[in-house]
Amino acid sequence: MMEREAVGRAFRERYGRAARIFRAPGRVNLIGEHTDYNGGFVLPMAIERETVVAAAPRADRTVRAYSAGLNEELSFDLDHPNPPRRGVWLEYVEGVARALESRGLKLSGADLLIDSDVPAGAGLSSSAALEISVGLALARVNGQEVDGVTLALAGQQAEHTYVGTLCGIMDQFVAALAKERHALLIDCRSLEAEPVPLDTTSAAFVVSDTRVKHELSSSEYNVRRAECARGVELLRERLPGITQLRDVSVADFQKHSGVLPDPILRRCRHIVTENERTLGAARALRAGDLAEMGRLMYESHYSLRDDYEVSSPELDVLVEIARGVPGVLGARMTGGGFGGSTVSLVRREALADFERALSEGYERETGRRPAILVSEAGAGAAEVMMSDE
Ligand code: ADP
Ligand code: MG
């Protein structure tokens with residue numbers, strides 16, 4: 001990964017002119033998993049890993065994008081759409097450009113140079129970091145402002161229409177709107193968000209990447225979405241007012257879950273209880289109650305493992321090793337599941353022991369080494385102001 005300044009220099013070398021620099025972060029979700037597309041609550045924070053985009057406008061309607069990580073340049077014409085779902089990374093760029101135009105922003109062409117230290121496919125949402133940094137760059141070099149929620153919706157639209165991932169709004173929302181030293185409690189229905197201060201003086205959030213990505217993830221994701229929708233249909237016989245699982249309280253669920261066959265019942269139970277855990281987690285963090293936060297993280301993991309069935313053996317191994325280390329307050333899988341990463345809440349004085357136990361234990365059980373990242377909560381997307389070269 002280049003320094004931000006170096007991304008600007010690389011742009012000048014490649015395209016022979018000056019650029020403006022934009023960035024958007026990866027994220028880790030602390031709690032609230034698979035709740036976003038059910039209209040519920042999520043509690044992610046941005047991490048100190050980012051995608052940086054150097055950008056300058058063009059007189060024509062061509063967008064050229066060079067990815068330094070992949071050492072590949074691809075381009076498209078804003079007037080002649082490529083067919084979607086070809087499985088190329090340019091779809092994230094083209095998708096967000098088209099989504100912004102469909103929302104009324106008039107874009108010119110642009111040259112883009114992209115560099116990132118958000119690992120792809122590790123559950124840290126490199127795709128949202130890419131969409132949001134590129135979307136902000138395309139708007140701004142055209143002299144247009146775009147608010148964070150619109151930018152997030154455009155990023156999500158890119159995934160839905162171009163990439164073919166029916167994701168919720170969490171990743172794009174937090175990449176666009178995160179606040180330093182805060183998690184963001186997002187109401188995924190109203191699209192309102194509250195920053196929740198994170199006091200990490202005594203404990204830190206640690207991301208551990210299994211380095212395994214199972215092929216199941218996207219097909220099973222769509223199956224879970226359908227199971228939740230079916231659950232709403234069945235529960236509506238008893239609770240006619242509901243439109244999403246978000247509307248179902250734990251008490252109502254317990255009263256009426258008898259109408260649900262297995263596995264729909266367990267899928268819905270995860271969502272309903274996870275919403276309650278997420279609100280509880282935000283309260284615990286506000287109150288500085290890290291022990292309660294950690295307890296909710298473990299509960300979330302077991303619910304994802306047993307009820308929602310989106311964990312993997314590697315994720316379970318990481319959580320169980322973490323659980324055995326004194327000073328670890330909580331751990332859970334994070335992101336969509338079937339591989340990717342866990343997030344753990346670890347007392348500062350236990351960090352070294354934790355990293356050692358995790359590396360050794362995980363290698364012993366799986367033959368792989370986990371990638372471990374301790375990160376403070378970073379800021380959302382922004383233009384990077386450069387001192388004069
Ligand atoms: P995640 O968002 O969890 O990292 P995804 O599968 O949603 O995983 O997104 C990863 C994809 O995003 C990559 O396969 C690639 O197509 C695209 N991508 C991410 N970062 C970059 C980058 N720096 N350059 C080009 N493409 C990227
Ligand atoms: Mg993604």
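Order of appearance sets the numbers: ligands from 1, and atoms from 1 within every ligand. Because only heavy atoms are used, hydrogens play no part in the values below, and waters and symmetry mates are left out as well, while side chains stay in.
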Do any nitrogen or oxygen atoms of [X] come within less than 3.5 Å of a nitrogen or oxygen of ligand 1?
X	value
Ser127	yes
Glu159	no
Ser67	yes

Heavy-atom nearest neighbour in the protein, as seen from [atom], with distance rounded to 0.1 Å:
atom	value
atom 10 (C) of ligand 1	Ser126 OG, 3.5 Å
atom 17 (C) of ligand 1	Tyr92 CE1, 3.6 Å
atom 18 (N) of ligand 1	Leu130 CD2, 3.7 Å
atom 15 (C) of ligand 1	Trp89 CB, 3.9 Å

For ligand 1, which atoms sit closer than 4.0 Å to a heavy atom of [X]?
X	result
Leu70	25 (C), 26 (N)
Gly123	3 (O)
Ser116	23 (N)
Ala120	4 (O)

Worksheet item: Above 12 or not: heavy atoms from other molecules or residues under 6.0 Å from CZ of Arg347?
Response: no
Discussion item. I want to know whether Tyr308 and Tyr302 have ring centres closer than 6.0 Å.
Written reply: no
Is any NZ, NE, NH1 or NH2 atom of the basic residue among [X] and [Y] found under 4.0 Å from an Asp or Glu carboxylate oxygen of the other?
X	Y	value
Arg58	Asp60	yes
Glu94	Arg98	yes
Glu383	Arg20	yes

Worksheet entry | Heteroatom N/O/S of Ser127 within less than 2.8 Å of the Mg ion (ligand 2) | yes
Worksheet item: Looking at Thr334, Leu185, Val343, Leu43, which hits side chain to side chain contact (heavy atoms under 4.5 Å, CB included) with Ile31?
Response: Leu43
Worksheet item: Is it the case that Arg14 places NZ or CZ above or below the six-membered ring of Tyr66, under 6.0 angstrom from the centre and within 45 degrees of the axis?
Response: yes
Worksheet item: How long is the span from the CD atom in Glu227 to the CG atom in Asn222, to the nearest 0.5 Å?
Response: 11.0 Å
Response to the item:
Looking only at heavy atoms, the pair that brings Asn275 and Gly40 closest together is OD1-CA, 3.3 Å
Discussion item. If we count only non-hydrogen protein atoms and require a distance under 4.0 Å, does atom 12 (O) of ligand 1 qualify as touching the protein?
Written reply: yes
